[in-house]
Amino acid sequence: MPKQEKADAFVTEITPRSEDFSRWYLDIVRRAELADYSPVKGCMVIRPYGYAVWELIQQAFDAEFKKTGHVNAYFPLFIPESLLHKEAEHVEGFAPQVAYVTHAGGEELEEKLVVRPTSEAIIGTMYAKWIQSWRDLPILINQWANVVRWEKVTRPFLRTTEFLWQEGHTAHETHEEAERETLMILDLYAKVAETVMAMPVVKGMKSESEKFAGALRTYSIEALMGDGRALQAGTSHNLGQNFAKAFDITFQARDKSVQHVWGTSWGVSTRLVGGVVMTHGDDSGLILPPRVAPYQVVIVPIGRDNWRETVLPKAQEIQQQLRSAGIRVTLDERDERPGWKFSEWELRGVPLRVEIGPKDIEKSAVLVARRDTREKQSLAMDGLATRIQQLLDDVQRTLFDRARTFRDEHTQRVSTYEEFKQVMEGRPGFVIAPWCGSTDCEAQIKNETQATIRNMPRSGAPGGTCIRCDQGAIAEAWFAKSY
RNA sequence: CGGGAUGUAGCGCAGCCUGGUUAGCGCACCUGACUGGGGGUCAGGGGGUCGCCGGUUCGAAUCCGGCCAUCCCGACCA
């Protein structure tokens, strides 16, 4: 096969982003070996490379939770059906998505068990036992767990029947304190998303129809993906006293009265892995921000038939140097051609590639290629680790800036409904518009444009009238088509 | 859950309409040689219950029915 034809054949294994974003995403997930389909509908296998990305995301969040006084625990996968039914809105919200265990040990169970879709019910039940006095508060517990929500339409990472996440559940003395916690976590989510995953997000409050079933109010961070659709990247709920009342979680207050606690819950999931893919990837594959890259640097030795003798020792030396500087590095000493390796690691999104061959060794230098800009530069071996670290920081920053610029360029403020519709049909993204607060208007807008309110960043009336009706606006809402 | 499409080797596909020996092609894989700074060349080789179950037929990848899975578009959700 001629060279060009061959290159094209390779490229067809990844659908171009502009041609079919959805297919592009699936191609990346599969070809970069992030995940694979399993024999169970809607359930994916997270492969080692994808899991490594998740672990880095997980570690970043976990460190922040601990810094802010939270501790980890683990609650059961199974929840007696009756517990789930204690909070009316909560059951209603989750009922269609719940999986049940009806038989076990060869017998039908007396009470069906629910496979947790989320853990408010079981955790609330335990909190009721553990909390007596205001001195027991606040309780700040997080758990890393799997949950199951029966989904009709699934996509790897973005929506799967079983997924991994973190769910924080806290109990407080006052409403103010619970609200402070809810917002503090929202800030924390935004910080990790932006600084670690290089994914710019919009923080704001969800509309009534989009809030968590059983919550007083829900806040979210929303990110804009490469196709102009928004991804809900994390949610933080102020539960008020709803669950405390349903599960009878009470404490004796400082003034001797008995009161219900004020709760919060909040979570981020493996969906974030999909978010990273769709925020940064290009037609050559994945682009990973250094802070979530399992390998931040790949070293590719180059040389003649004797490269194992002439080049490899130097490559190993460099690997050692970078490794002891705390950089995640791998050395590709497979017996493949260099060009093949380049493409392979680009597909996998490794931020920096170090090429080392005879010419470099002569100059006591290496060639470093960036995944984000594809620039190559020669760097002296002396002090390489420091320069590499600087480059990694620069890639991290560049990816964030690029994503933020994209987001800003795809965010428009509109004042008429005509404009609104035009934007949604033309170049989708966020549309900022005043909204009257009516669920009806919200539903109509969704009907007519497919766009939903992602969230409302600022509280307080913006002035002016609703984009769809003539009522006074209660908030400025960020609309978008969503995942 | 409705509408549409697809399922043949690890990946991408042809064959199916019009049923007929051992089911093909490219890439990938294995062996060897030459190679090596952007997906190499040559030679030889391995790999398939044609998604599953049933039916029609002398005979099914091919026709019919059911089921399952995946993808796309809609209704519901981290």
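Both backbone and side-chain heavy atoms feed into the values below; hydrogens, waters and symmetry mates do not. A, B, ... follow the sequence lines: proteins, then strands. Residue 1 opens every chain.
Counting to the nearest Å, the P atom of B/C11 and the CG atom of A/L26 are 14 Å from each other. Rounded to whole Å, atom P of B/C27 lies 18 Å from atom CD of A/E344.
In this structure, the side-chain hydrogen bond (donor to acceptor under 3.5 Å, both in side chains) partners of A/T68, at least two apart in sequence or on a different chain, are A/H70. The salt bridge (charged side-chain N to carboxylate O under 4.0 Å, His left out) search around A/R468 returns A/E448, not counting sequence neighbours. With sequence neighbours excluded, no residue forms a side-chain hydrogen bond (donor to acceptor under 3.5 Å, both in side chains) with A/R271. The side-chain hydrogen bond (donor to acceptor under 3.5 Å, both in side chains) test applied to A/H169 returns A/E167, not counting sequence neighbours.
Counting any heavy atom pair closer than 4.0 Å across all strands shown, A/Q232 reaches sugar-phosphate atoms only and no base atom. Using a 4.0 Å heavy-atom criterion, one finds that A/G267 contacts no nucleic acid atom at all. A/R308 comes within 4.0 angstrom of no nucleic acid atom, judged by non-hydrogen atoms across all strands. Note on A/G274: nothing from the nucleic acid sits closer than 4.0 angstrom, heavy atoms only. Residue A/P358 is in base contact, counting any heavy-atom pair closer than 4.0 Å across all strands shown.
Dashed line: the shortest gap from a side-chain N or O of A/K341 to OP1 or OP2 of B/G38 is not under 4.0 Å. A sub-4.0 Å separation between OP1 or OP2 of B/C72 and a side-chain N or O of A/R155 is present.
When each of A/F342 and A/P156 is assigned the nucleotide of RNA chain B bearing its nearest heavy atom, the one mapping closer to the 5' terminus is A/F342.
In this pair, A/Y37 does not lay its aromatic ring on the base of B/A69; centres under 5.5 Å and planes under 30 degrees do not both hold.
Annotation: cation-pi geometry not satisfied between A/R149 and A/F94 (NZ/CZ under 6.0 angstrom from ring centroid, within 45° of ring axis). Annotation: cation-pi geometry satisfied between A/R17 and A/W24 (NZ/CZ under 6.0 angstrom from ring centroid, within 45° of ring axis). Stacking of A/K206 on the aromatic ring of A/W266 is not recorded, the 6.0 Å distance cut-off and the 45° axial limit not both being met.
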Are there any protein N/O atoms within less than 3.5 Å of an N/O atom in nucleotides 74-76 of chain B, and if so, which ones and at what distance?
residue : atom : partner : partner atom : Å
B/G74   : OP1  : A/Q450  : OE1          : 3.1
B/G74   : OP1  : A/Q450  : NE2          : 2.8
B/C76   : OP2  : A/K446  : NZ           : 3.3

Are any protein N/O atoms closer than 3.5 Å to N/O atoms in nucleotides 30-35 of chain B? If there are, list each pair with its distance.
residue : atom : partner : partner atom : Å
B/U35   : O2   : A/R337  : NH1          : 3.1

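Aromatic ring pairs are classed by plane angle as parallel below 30°, tilted from 30° to 60° and perpendicular above 60°; the pair A/W165 and A/F163 is perpendicular. Taking the six-membered ring where tryptophan is involved, the planes of A/F65 and A/W144 are tilted, since the angle between them lies from 30° to 60°.
Closest approach to the A/D360 side chain among B/C71, B/A78, B/G37 is made by B/G37 (side chain taken as heavy atoms from C-beta onward). Side-chain atoms of A/L367 lie closest to B/G37 of the nucleotides B/A78, B/G37, B/C72.
With a 3.5 Å ceiling on both atom-pair distances, the Watson-Crick or G-U wobble partner of B/U6 is B/A69. Of the nucleotides present, none pairs with B/G36 by Watson-Crick or G-U wobble criteria with both distances under 3.5 Å.
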